[in-house]
Undergrad: 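Attaching a single structure in structure tokens format; questions to follow.
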Amino acid sequence: VLQSDNVSDCVPQSQDKKQDNYIYPYFDIQDVEHLHRASKLPHWHQDNKYVFITFRLFDSIPQKKIKELREEKEYWMKLHPTPWNEEERKEYIKRFASKIDKWLDNGYGKCFLKRPENRKIVEDALFFYNGTKYHLKAFVVMPNHVHILLQLFENQEMETFVKSIKGYTAKKINQTEHRTGKVWQTESYDHLVRNEDNYKHILKYIQANNKDLAWIEDDYLP
């Protein structure tokens, strides 16, 4: 059972999923009111939209590479202040997110999530609020990072979801590893899904990370 220091966070609450009315689940370019930052990365939250989230273990990338990437990114973002247009968004992903993916695939660090018991901690945490706070579409727990595709319900903040998942799983993983200290990298990467093609691409990407470990809703991949 997923637990939290905040008792109210542990009680699944009913959500109006608006089943009688169609909700457009993709990024709304007209909605510019919910752009904000957490530390260095921009985050653009919109209710009821599909969002692709990646977070990684604290030691999954060498510190030297992190420092170099941070300096490059800070300089680039000064030249490209948010909100971004579609071309700038794609350039950001190509320059930074894709580069991080390649480093993660190298399996750097202690890779706590390689152990089945630690991977199950993350999986159970993701399933706990599925259907009450969000609709989980797909995920994969790799040795040193996690990819998630979900649809947050109305009034559910992406950053609150990530903080809750990372906080709970960090505590449990530290227990299984008989250690204390940091488990996850502070920042997470999130991407509001642009359209159906983007959605299908992300599903395939999640499965491509590890077909045996990937969970896809209803085992269906368009």
Undergrad: More than 12 heavy atoms of other residues, nucleotides or ligands under 6.0 Å from CD of Glu196: yes or no?
TA: no
Undergrad: Output, in order, the C-alpha distance, side-chain angles, deciding distance and verdict of side chain to side chain donor-acceptor pair (under 3.5 Å) for His145 and Gln185.
TA: CA-CA 10 Å; His145 65 284; Gln185 185 69 24; over 6 Å; no
Undergrad: Just wondering, do His191 and Val51 contact through their side chains at under 4.5 Å, heavy atoms?
TA: no
Undergrad: If you take all heavy atoms of Ile148 and Leu126, which pair is closest and at what distance?
TA: CD1-CD2, 3.6 Å
Undergrad: For the rings on Tyr24 and Tyr26, is their centre-to-centre separation under 6.0 Å?
TA: yes
Undergrad: Using a strict cut-off of less than 4.0 Å between a Lys/Arg side-chain nitrogen and an Asp/Glu carboxylate oxygen, indicate whether Lys163 and Glu159 qualify as a salt bridge.
TA: no
Undergrad: Which heavy atom in Met142 sits nearest to a heavy atom in Leu113, and how many Å separate them?
TA: O-CB, 3.1 Å
Undergrad: Within the side chain of Asn48, is there an N or O that forms a donor-acceptor pair under 3.5 Å with the backbone of Glu154?
TA: yes
Undergrad: Minimum heavy-atom separation for Ala125 to Thr169, with atom names?
TA: CB-CG2, 3.8 Å
Undergrad: Using the six-membered ring wherever Trp is involved, compare the ring planes of Phe112 and Phe58 and label them parallel, tilted or perpendicular (cut-offs 30° and 60°).
TA: tilted
Undergrad: Whether the Asn118 and Glu177 side chains hold a donor-acceptor pair (N or O, under 3.5 Å, no angle test) is what I'd like checked.
TA: yes
Undergrad: Identify the residue among Asp212, Val146, Ile206 that makes a side-chain contact (heavy atoms from CB on, under 4.5 Å) with Val140.
TA: Ile206
Undergrad: For the residue pair Tyr205 and His147, categorise the inter-ring angle as parallel (less than 30°), tilted (30 to 60°) or perpendicular (more than 60°).
TA: perpendicular
Undergrad: Within a 6.0 Å radius of atom NE2 on His201, are there more than 12 heavy atoms belonging to other residues, nucleotides or ligands?
TA: no
Undergrad: Above 12 or not: heavy atoms from other molecules or residues under 6.0 Å from NZ of Lys182?
TA: yes
Undergrad: May I ask you to test the Ile53-Met158 pair for a side-chain heavy-atom distance under 4.5 Å?
TA: yes
Undergrad: With a 6.0 Å cut-off on the ring centroids, do Tyr134 and Phe153 count as close?
TA: no
Undergrad: Taking side chain as C-beta onward, heavy atoms only, is Leu213 less than 4.5 Å from Val141?
TA: no
Undergrad: Could you check whether any side-chain heavy atom of Gln151 comes within less than 4.5 Å of a side-chain heavy atom of Pro25, counting everything from C-beta outward?
TA: yes
